[in-house]
Visitor: 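Dropping a structure here in structure tokens format, bear with me for questions.
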Amino acid sequence: MSLDTQVLSLLFSFIYGVVFSYLFNLNYNFIYNTSILYKIVINILFCVNGALLYFLLIKVINFGVIHIYFLFSFLLGFSLFVSKYKFMRDFIKLSKKS
């Protein structure tokens with residue numbers, strides 16, 4: 001794999017981590033403030049959709065070759081920006097049912 005492709009893949013992984021943290025905070029109330037059945041279903045769908053989208057896009061960039069440092073770059077982007085997007089959690093309010 002050429003150096004240009006590796007740098008592009010690293011940059012994409014970092015940006016995808018930032019976007020994933022944005023989507024995680026947007027869906028935070030659905031993931032954590034619902035009943036246990038909804039938590040399980042929503043969490044599985046959110047993770048599977050995120051992983052499939054990542055693999056499909058990385059396949060376009062470098063034919064699906066994934067190195068461990070791409071995943072580290074994704075985790076770095078996610079962890080740096082997950083606290084910055086906490087304000088997104090207030091956009092979606094769920095009503096508490098008794």
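Keep in mind that this is a model prediction, so the values were computed, not measured.
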Visitor: Answer with yes or no whether the hydrophobic clustering places V82 together with F87; edges join I, L, V, M, F, W, Y residues whose side-chain heavy atoms lie under 4.5 Å apart.
Guide: yes
Visitor: Could you see if L75 belongs to whatever hydrophobic cluster contains I68? Use Ile, Leu, Val, Met, Phe, Trp, Tyr and a side-chain cutoff under 4.5 Å.
Guide: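 Cluster IDs for L75 and I68 match.
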Visitor: L26 and F24: same hydrophobic cluster, using ILVMFWY side-chain contacts below 4.5 Å?
Guide: yes
Visitor: Would you say that R89 contacts Y32 through its side chain, given a criterion of any heavy-atom pair below 4.5 Å between the two side chains?
Guide: no
Visitor: List the atom pairs, donor and acceptor, that lie under 3.5 Å between side-chain atoms in residues 54-66 and the rest of the protein, sequence neighbours left out.
Guide:
residue : atom : partner : partner atom : Å
Y54     : OH   : S13     : OG           : 2.7
N62     : OD1  : G64     : N            : 3.4
N62     : OD1  : V65     : N            : 3.3
N62     : ND2  : S9      : OG           : 3.0
N62     : ND2  : V65     : O            : 3.0

Visitor: Would you find more than 12 non-hydrogen atoms of other residues, nucleotides or ligands less than 6.0 Å from Y85 atom OH?
Guide: yes
Visitor: Hydrophobic cluster membership, with links at side-chain heavy-atom distances under 4.5 Å among I/L/V/M/F/W/Y: are L45 and V19 in one?
Guide: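 Unlinked, L45 and V19 end up in two clusters.
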Visitor: Please test F20 against F74 for ring-ring contact (aromatic ring centres under 6.0 Å, His included), starting from the C-alpha separation and ending with a verdict.
Guide: CA-CA 9 Å; F20 197 76; F74 169 78; 5.7 Å; yes
Visitor: Going by the rule ring-ring contact (aromatic ring centres under 6.0 Å, His included), which residues pair with F81 if we only count those two or more places apart in sequence or in a different chain?
Guide: none
Visitor: Can you tell me how far CZ of F72 sits from OG of S79, rounded to the nearest 0.5 angstrom?
Guide: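 Separation between the atoms: 12.0 Å.
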Visitor: Under the 4.5 Å side-chain heavy-atom rule for ILVMFWY, direct or indirect, which residues accompany L3?
Guide: V7
Visitor: Among residues at least two apart in sequence or on other chains, which ones pass side chain to side chain contact (heavy atoms under 4.5 Å, CB included) with Y69?
Guide: Q6, L10, H67
Visitor: Residues two or more places apart in sequence or in another chain: which of them pass side chain to side chain contact (heavy atoms under 4.5 Å, CB included) with V48?
Guide: I44, L52
Visitor: Nearest 0.5 angstrom please: S21 OG to K86 NZ, how far?
Guide: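 The distance works out to 12.0 Å.
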Visitor: Considering non-hydrogen atoms only, spot the tightest contact between T5 and S2 and give its length.
Guide: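 The answer is OG1-OG, 2.9 Å.
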Visitor: Tell me, please, which residues at least two apart from N27 pass side chain to side chain contact (heavy atoms under 4.5 Å, CB included).
Guide: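 Partners of N27 under the side chain to side chain contact (heavy atoms under 4.5 Å, CB included) test: F30, I31, F46.
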Visitor: Taking atom CG of D90 and atom CG of N29, what is their separation to the nearest 0.5 Å?
Guide: 8.0 Å
Visitor: Got a sec: does the NZ of K39 have more than 12 other heavy atoms crowding it under 6.0 Å?
Guide: yes
Visitor: Quick one: does F78's side chain get under 4.5 Å of Y16's, heavy atoms only?
Guide: no
